[in-house]
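Below: one structure, written as structure tokens.
Below, chains carry the letters A, B, ... as their sequence lines are ordered, and counting in each starts from 1.
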Amino acid sequence: MEMKDTLNLPNTDFPMKANLTQREPELLARWEKEKLYEKIRQSARGKPQFVFHDGPPYANGHIHIGHALNKLLKDFIVKIMNMKGFDAGFIPGWDCHGLPIEHQVGKKLKEKKLSLEKSEIRKQCRVYAQEFVGIQKEEFKRLGIFADWENPYLTMNFSYEATIVREFGKFVEKGLVYKGLKPVHWCTSCKTALAEAEVEHNEHTSPSIYVKFPVQSGIPQSVGVLNSEKLFMVIWTTTPWTLPANLAICLHPEFIYVAVAHGDDTYIVAEDRLSMLVSEWEWKDYKILGSCKGADWENAVCRHPFIDRESKVILGEHVTLEQGTGCVHTAPGHGQDDYIVGLKYGLEPYNPVDDGGVFRSDVEHFGGMFVRKANPEIIEKLRQDGFLIRDENIKHSYPHCWRCHQPVIFRATNQWFISMDKTDLRKNALDGIGRTKWIPQWGRDRIYSMIENRPDWCVSRQRSWGVPITLFTCNACGDFINSSDLFERIAGGVEKYGADFWFDSLPEELLPEGTVCQCGGKEFSREDDILDVWFDSGVSHVAVIEKNSELNWPADLYLEGSDQHRGWFHSSLLESIGTRGKEPYKSVLTHGYVVDGKGKKMSKSAGNVIAPQKIIDQYGAEILRLWVASENYREDIRVSNEILKRLTESYKKIRNTLRYLLGNLHDFDCKEDQVPVNEMLELDRYILHRFNILREKILTAYENYEFHVFYHSFSNFCIIELSAFYLDIIKDRLYTYPAKSRERRSGQTALHILLMGMVRLIAPILSFTAEEVWNHLPKNSVDEESVHMSQFLDPENVSFDENLVKKWEFLVELKGEVSKALETSRRDKIIGHSLDSIVKLELPDNFKAIVKNDELKYIFIVSEVVLVDSIGSEEKIFESDSLQGVKVFSEMHPGKKCERCWHYFEPDVKEGKANGEICSRCEDHLQTAGA
RNA sequence: GGGCCUGUAGCUCAGUUGGUUAGAGCGCGCCCCUGAUAAGGGCGAGGUCACUGGUUCAAUUCCAGUUAGGCCCA
């Protein structure tokens, strides 16, 4: 063991075992204590800005892995931009209003049998949201995300709420806001509108009837000559009570419709439904008289069976052949599809039913009747008048109220809308999409077609937890007051007291004295609805960026999941275009969804959910970070235990490589010991040349937000170029040469440059580990207290010309071929370690010219290399496939193994040097070191 | 049902502007080392490029359909 003590072996306190679950919280505590985020922000002042704008997650529940993916990608980008020399901050936000929270709170209050007063609900909702903001904040912080966690934006902050009021006011002023009818789920016993999430689907028995609508005019010629006197279109419905509101019959433009004669009458139904229908109706004799496409029936007109009104024949893609006749009874006031298709044909969302589900008195035959009570009456009337083909009862799934469990109805109610076309909002938004950079590119098409096809934006909700629609309606004429002064007055109140100001004040307090409507009316009603929460988050670009005088508007980047093309990207765009005529972002980056190891979505019921908290507890946040970096997030990305295990292995390799660099720099002071690059050994310059290539690749990848390129190229560099090649080769030099020798210092200089570059490159991704390395750097290496305050470095000029590159590419490949040859000797038990061998090498002339013999044995890590013109015809000669003409023969070295450097040598007894236990090279080194 | 996206070794990713034996790392198998040591090195085996048609002298790469999956709608 004596010889070992004469070597310069690696030595470092940097632990091999990461122990992330324990070390990460320590680092987090230190960062927080030292206010690192603030320091980074301060040192970035005056640099060019990169404005990233965080989309607000909903303040409900713990974060799931999708949240982690999203926020970590953002963290990578912000850290990268800072290290590239930009001024980039991260202001996190939360979406706080809305139904899910109101739901949770409603449940709690109900259980405790407390009052369900609106003001009490709102109060509780605020507490609830605040609680989850706190929970999620801690969970995000644990991931190592650097953000202004002390000053996040919350959509329920008073100032934010005031921004919402003001922004909505702008839409009102510009004349985009109007009141219209739209069908919504409605509970007739609670007398309230219900959101989709408040509806539960239960079994219900309904009538199922087929009804004849007499065709009045517009029979297409393509169907053939038909007698219009006794021609009927047949519809099917399970809600006879909606028939009084029937305004149209909808056909699919592409389906074939037949005219079928039965008895004296002729009926129009879809061809593909006919066989089902005739068996259901028990028809024996019938005859097809003609047929044509649905599109040909457009503009035909039918007569309502019991009301003196026309029923137009219209076309719609939503018509299916699964049930019914292919001719769909359409009541735009009572159905979603009916409403949408009705908009196209200018049909009003006619609703003859009041809040309690009772027909208004002006409804012929059935006025004053409750809708479900009216069902049998309507059927009877149809039967008597000869318009009923068949009726029976069916059991099917039907929406019920989540609170009282009664069946609900669909009913047109007054809602507030933002018009897409009155002032070209749609057109301008589409132009804005064209000016924005969408990554990946297909995002553009996705949002474009959504904006292109969407109906007007319905912004009202009949709920409590949100920002009110601050409008007053004149009781006399029904118009609303459009006054910017009034809006500002209310916004000011909201800024001071929150949105409760609107609900808790009396109308007289809100309205200036003597307010008079244009019609002369003096009495007004205060709007009770709240705004769609998408409007809330849609104004974040104003509340967070525009109102912040230090930030440039619009944002450089939005980054969310691809679902936000319909969500936040969409609402933010409409808001910004509608009020400012310009899009709120320059570029929009989307990521896919996290799915399980088999590519299936994660769900509680499938039992395949992987929680980020569990990954952190088991592996550490660093592994989660590395996972995000390792996958191509533009598509859906997978997570599984296998994947995480592999990443842990990969992490260890990176960590150990860095540790080895640190270990060999324990006695290196870069101020004193650094060798100028142009004086360094060729091999050392070669690895720096390779590192320059790697760095450029990674920085380009960072610029394109392609983090998986970092992961692959960086870990490959550690494994292939460093561990298996460079570091393996220079061990001999680092360990056996005198500590202060030029050769050793040259190698250490290379290691130091590598380490300084590498620790910065990994910092945005492996933020914990990079900091840990930073804390173990040899003296005089850096000035900054944290790696996260440092910048990426410029490449080292190693002047490695084309010829040198060619030479070293050849040497790398040649080393591989020699390894193969050694492996056969190893199989044959001739050698164990590669240093046991002496290698004979035959090279073609073109290669012979570029290599120097004395460097080869160190590169191959063998004891001796003999270059020969012809290797002879011995057995077991290895001939290379990839390097034409290269032949290798390896055998056991006949000399003695040096106890110190493990190279074999021929003892020179005559000289009497030592006693032949160590080689002359080591003799010299020991002497130099000792002197 | 519609729009958009995706399917290359066990895992994560390259790649082919259509053209000889489709690449990398990890993992796996075998071996070496014990001076990075709960480390390090070497060699090797793994793929009908989701499936089926079409275009072409030639397709994993282009087109169409099918299938499996994802997001958003209905």
message: For A:Phe889 together with A:Phe878, are the ring centres under 6.0 Å from each other?
response: no

- prompt: Looking at A:Lys601, does any N or O in its side chain come under 4.0 Å of the phosphate oxygens OP1/OP2 on B:G70?
  reply: no

message: Taking the P atom in each of B:A9 and B:G46, what is the distance between them to the nearest angstrom?
response: 15 Å

query: Taking A:Asp636 for the side chain and A:Tyr593 for the main chain, is one N or O donor matched with an acceptor at less than 3.5 Å?
result: yes

Ring centre gap for A:Phe410 and A:His334 strictly below 6.0 Å: no

message: B:U37, OP1 or OP2 - any side-chain N/O from A:Arg659 closer than 4.0 Å?
response: yes

query: Are A:Arg733 and A:Tyr737 in a cation-pi contact, defined as NZ or CZ under 6.0 Å from the six-membered ring centre and within 45° of the axis?
result: no

field: Spacing of A:Glu823 atom CD relative to B:C30 atom P, expressed in whole Å
entry: 14 Å

field: Touch class at under 4.0 angstrom, heavy-atom based, for A:Lys653 against every strand present
entry: sugar-phosphate

query: Between A:His708 and B:A14, is there a side-chain N or O to OP1/OP2 distance below 4.0 Å?
result: yes

task: Between A:Lys829 and A:Arg900, name the one whose nearest nucleotide on RNA chain B is closer to the 5' end.
output: A:Lys829

message: Between P on B:C43 and NE2 on A:His833, what's the gap in Å once rounded to a whole number?
response: 14 Å

- request: Pull out every stem in RNA chain B, meaning runs of 3 or more consecutive Watson-Crick or G-U wobble pairs with both distances under 3.5 Å.
  value: B:1-7 with B:67-73, B:10-13 with B:23-26, B:28-32 with B:40-44, B:50-54 with B:62-66

message: I'd like to check, for A:Trp902, whether its ring lies over the base of B:G35 with centroids under 5.5 Å apart and a plane angle smaller than 30°.
response: yes

- request: Using the P atoms only, state how far B:A39 lies from B:U21, rounded to an integer number of Å.
  value: 41 Å

query: Between B:A14 and B:G1, how far is it from one P atom to the other, in whole Å?
result: 32 Å

query: Syn versus anti for B:G47, judged by chi lying within 90° of 0?
result: anti

message: Can you check the distance between B:G18 and B:A64, where both ends of the measurement are the P atom (answer in whole Å)?
response: 16 Å

- prompt: Any donor-acceptor pair under 3.5 Å joining the side chain of A:Ser723 to the base of B:A36?
  reply: yes

task: Return yes if some donor-acceptor pair links the side-chain N/O of A:Tyr633 with the main-chain N/O of A:His708 below 3.5 Å, else return no.
output: no

Sub-6.0 Å ring centroid separation between A:Tyr619 and A:Trp627: no

message: Between B:G19 and B:G15, how far apart are the two C1' atoms, rounded to whole Å?
response: 15 Å

query: Heavy-atom count around A:Met892 CE within 6.0 Å, excluding the residue itself: above 12?
result: yes

query: When the C1' atoms of B:C28 and B:U12 are considered, how many whole Å apart are they?
result: 16 Å

Check: A:Lys652 side chain, B:A39 base, donor-acceptor under 3.5 Å: no

query: For atom C1', what is the distance between B:U16 and B:U61, given to the nearest Å?
result: 6 Å

d(CD, A:Glu635; P, B:C5) in whole Å: 12 Å

field: Between B:A22 and B:U6 - P atom distance, rounded Å
entry: 25 Å

- request: Report yes if a donor N or O on one partner sits less than 3.5 Å from an acceptor N or O on the other, where the partners are the side chain of A:Arg566 and the base of B:C71; otherwise report no.
  value: no

